[in-house]
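Quick notes on the structure that follows.
These values consider heavy atoms only, across backbone and side chains, with no hydrogens, waters or symmetry-generated copies. Everything numeric here is computed off the predicted structure, so don't read it as measured data.
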Amino acid sequence: MRDPLTVLTEAFTSFLFGKVETTRLPVRTSTGQAQAVYLPTAAPGLGDSGVIIGREVYSGKGYIYDPFQLYGQQLPAPHWLVLGESGNGKSALEKTYVLRQLRFRDRQVVVLDAQGEDGVGEWNLIAEELGITPIRLDPTAALDMGIRLNPLDPAITTTGQLALLRTIIEVAMGHGLDERSGFALKVAHAYVNETIVDRQPVLMDIVEQLRHPEPESAEAMNVAIDDVRAWGLDVALVLDRLVDGDLRGMFDGPTTVGIDLDAPLIVFDLSHIDRNSIAMPILMAIVGVWLEHTWIRPDRKKRIFLVEEAWHIINSPFVAQLFQRLLKFGRRLGLSFVAVVHHLSDVVDGAAAKEAAAILKMASTRTIYAQKADEARATGRVLGLPRWAVEIIPSLTPGIAVWDVNGNVQVVKHLITETERPLVFTDRAMTESSAELSDDALRAAELEAEERAAAFVEQHLSDLDDSSESTVA
């Protein structure tokens, strides 16, 4: 029974001011109807400065991303990791991103193009459109005076040359150099640099010096000349592959004259290299160090170094160490490293797990396309993705990805213009399957994918609301 004084007070208040409260019966409704009561809400974006990627699936807002604009404010590092199964849109994203970045005058891009079709790399069309000739590295082109990059190019410092030679040998041998082999290589390299002054030193000079070391080298360490020769024999045999073996023609001569390092886009076409051979990580090590000393300069340009099949870098301890230095050094000079990998498990479970973890830590931006459920869970654990993002990854359709920009996680649909489309979809299998669908069917499929993603995110938000209400109660 209510207190008589309270009843009297309420009656008096109602007489003076009118009834101040109304009693309403509870209403039960669906979330679809109740959402009209609330103001529209959306996750915060990344700003409006940079290149447009597409639109955020849940809110429909434009999604704009630029590591150079975000660096120092929302990003601790400008490096980017792109993951996902083949055929889900990684290649299309990379190509449109580069094309849109090149609209800015202070941008320069280097692409290591490890995939190809019809005898050329998949970036060939874009290079042609921009009037650029790709740098095609091909061991079979040795007799035709193909492109060469010299590991002993004078543009590379003496220290950089020696580090590069060690990496080449360690990658090929599958283990680190011991002290004796390292000593033989060091004295051979020093002698070649001191005595050859009228031309560029080349690898053959190192091989010859390892085979026939100078007596002074042995005397300096008080060892026999035969010992120095024996210590350098394995090193000489490895380098001989680059001079007269199956890898000849790419690194066994002076650097080819005429490589334009001032072009807005530089494409290294590696499509003629067996991706599963030891040549690929060796090639990436040489290209990476050569670019570090010849391309990256303190000229205020913003540079993007995009590497396809990047597991060749991250999965080799010796190559990964070189690229760690490049990433740390390049960050001060405006370099954004973009690594494209199919499966994160190929990297974190490999021989270079420690080095891979260090490189992944530098990548503050992660874009994850569709993966199988087990792979998505493993990726989520390594990258620290929220549970809802991990659960949605297996259901993503081509062109839609989870973006994690230093903890800002959103689902984004990549948009491609009609001008970009013929340059982007160079994979014949993809274009043929797309051609079989009408525009209406494609649009319906895209809409269905967006609705599925939005429904999942909405359910996740609803679960969070219910959890919060339970906590308050």
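Contact check for L335 versus W295: side-chain heavy atoms found under the 4.5 Å cut-off. Looking at heavy atoms from C-beta onward, L283 lies in side-chain contact with M250 at the 4.5 angstrom threshold. The side-chain heavy atoms of I259 and I135, taken from C-beta on, include a pair separated by under 4.5 Å. Contact check for R303 versus R107: no side-chain heavy atoms found under the 4.5 Å cut-off. Residues L306 and L112 have side chains not in contact (no heavy-atom distance under 4.5 Å, counting atoms from C-beta outward). Residues T195 and V197 form no side-chain contact, since every pair of their non-hydrogen atoms from C-beta on lies 4.5 Å or further apart. Annotation: side chain of L185 is in contact with side chain of I169 (closest heavy-atom distance under 4.5 Å). Considering only heavy atoms from C-beta on, L75 comes within 4.5 Å of V405 through its side chain.
Within the structure, ring-ring contact (aromatic ring centres under 6.0 Å, His included) pairs that include any residue of residues 154-194 do not occur (at least two apart or interchain). For residues 160-187, the salt bridge (charged side-chain N to carboxylate O under 4.0 Å, His left out) pairs, not counting sequence neighbours, are R166-E170.
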Query raised in the report: Passes side chain to side chain contact (heavy atoms under 4.5 Å, CB included), H342 versus Q371? Steps please.
Result: CA-CA 9 Å; H342 291 291; Q371 296 179 331; over 6 Å; no

Query raised in the report: Could you go step by step and tell me if K413 and E56 meet the salt bridge (Lys or Arg N to Asp or Glu O under 4.0 Å) rule?
Result: CA-CA 6 Å; K413 175 178 174 54; E56 200 270 317; over 6 Å; no

Query raised in the report: Can L99 and I126 be said to form a side chain to side chain contact (heavy atoms under 4.5 Å, CB included), step by step?
Result: CA-CA 8 Å; L99 287 170; I126 290 178; 3.9 Å; yes

**Report entry** side chain to side chain contact (heavy atoms under 4.5 Å, CB included) between I168 and I286, worked out
**Finding:** CA-CA 8 Å; I168 293 170; I286 293 176; 3.5 Å; yes

Report task. Decide yes or no on side chain to side chain contact (heavy atoms under 4.5 Å, CB included) for L385 and I393, but give the supporting numbers first. Result -> CA-CA 11 Å; L385 297 175; I393 288 173; 4.0 Å; yes

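Residues satisfying the side chain to side chain donor-acceptor pair (under 3.5 Å) test with N124, not counting sequence neighbours, are E128. Under the ring-ring contact (aromatic ring centres under 6.0 Å, His included) criterion, Y63 pairs with W403, not counting sequence neighbours. By the salt bridge (charged side-chain N to carboxylate O under 4.0 Å, His left out) test, R103 pairs with no residue at all, sequence neighbours left out. Residues forming a side chain to side chain contact (heavy atoms under 4.5 Å, CB included) with N150 (at least two apart in sequence, or on another chain): L152, D153, Q200, V202, T255.
Atom CG in L70 sits 7.0 Å away from atom OH in Y65 (nearest 0.5 Å). The distance from the CG atom of L326 to the NE2 atom of H293 is 9.0 Å, given to the nearest 0.5 Å. To the nearest 0.5 Å, atoms CG (L270) and CD (Q115) are separated by 11.0 Å. The line from CZ of R366 to CG of D404 is 5.5 Å long, rounded to the nearest 0.5 Å. With rounding to the nearest 0.5 angstrom, the OG1 atom of T417 is 11.0 Å from the CD1 atom of I52. Remark: I266 CD1 to F305 CZ distance equals 10.0 Å, nearest 0.5 Å.
In this model, no donor atom of one side chain and acceptor atom of the other lie less than 3.5 Å apart for Y71 and S364. Side chains of S336 and W80: no donor on one and acceptor on the other come within 3.5 Å. A side-chain N or O of Q101 and one of D66 form a donor-acceptor pair less than 3.5 Å apart. For the residue pair N193 and Q161, a side-chain donor N or O sits within less than 3.5 Å of a side-chain acceptor on the partner. Under the 3.5 Å distance criterion, with hydrogens and angles disregarded, a donor-acceptor pair is assigned to the side chains of S49 and Q69.
The pair E418-R421 meets the salt-bridge criterion, since a charged nitrogen lies less than 4.0 angstrom from a carboxylate oxygen. The residues D252 and R148 are annotated as salt-bridged, a charged nitrogen and a carboxylate oxygen being separated by less than 4.0 angstrom. Ion pairing of E94 with K90 is absent here, as no side-chain N (NZ or NE/NH1/NH2) approaches a carboxylate O to less than 4.0 Å. Taking the charged nitrogens against the carboxylate oxygens, K372 and E85 do have a contact shorter than 4.0 Å, which makes a salt bridge. For the pair D240 and R211, the salt-bridge criterion is met [side-chain N within less than 4.0 Å of a carboxylate O].
Considering all non-hydrogen atoms of both residues, I225 and P213 come closest at CD1-O, 3.5 Å. In terms of heavy-atom proximity, D205 sits nearest to V192 at O-CG2, 3.6 Å. Minimum heavy-atom separation, L93 to T367: CD2-CG2, 4.1 Å. Residues H343 and V341 share a closest heavy-atom pair of O-CG1, 3.4 Å. Closest of all the heavy-atom pairs between L396 and A401 is CD1-CA, 4.0 Å. For A370 against N88, the heavy-atom pair with the smallest separation is CB-OD1, 3.5 Å.
When the shell of 6.0 Å around CZ of R199 is examined, it contains more than 12 heavy atoms from other residues, nucleotides or ligands. N222 CG: 12 or fewer foreign heavy atoms inside a 6.0 Å radius.
Here the two rings, on F251 and W290, have centers that are 6.0 Å apart or farther.
Looking at Q108, its side chain does come within 3.5 Å of a backbone N or O of L261 through a donor-acceptor pair. With T167 contributing its side chain and A163 its backbone, the two residues share a donor-acceptor pair below 3.5 Å. A distance-only check finds a donor-acceptor pair linking the side chain of D113 to the backbone of W123 [under 3.5 Å]. Checking side-chain atoms of E375 against main-chain N and O of L344 turns up a donor-acceptor pair under 3.5 Å.
The aromatic rings of F323 and F337 are tilted relative to each other, their planes meeting at an angle between 30° and 60°.
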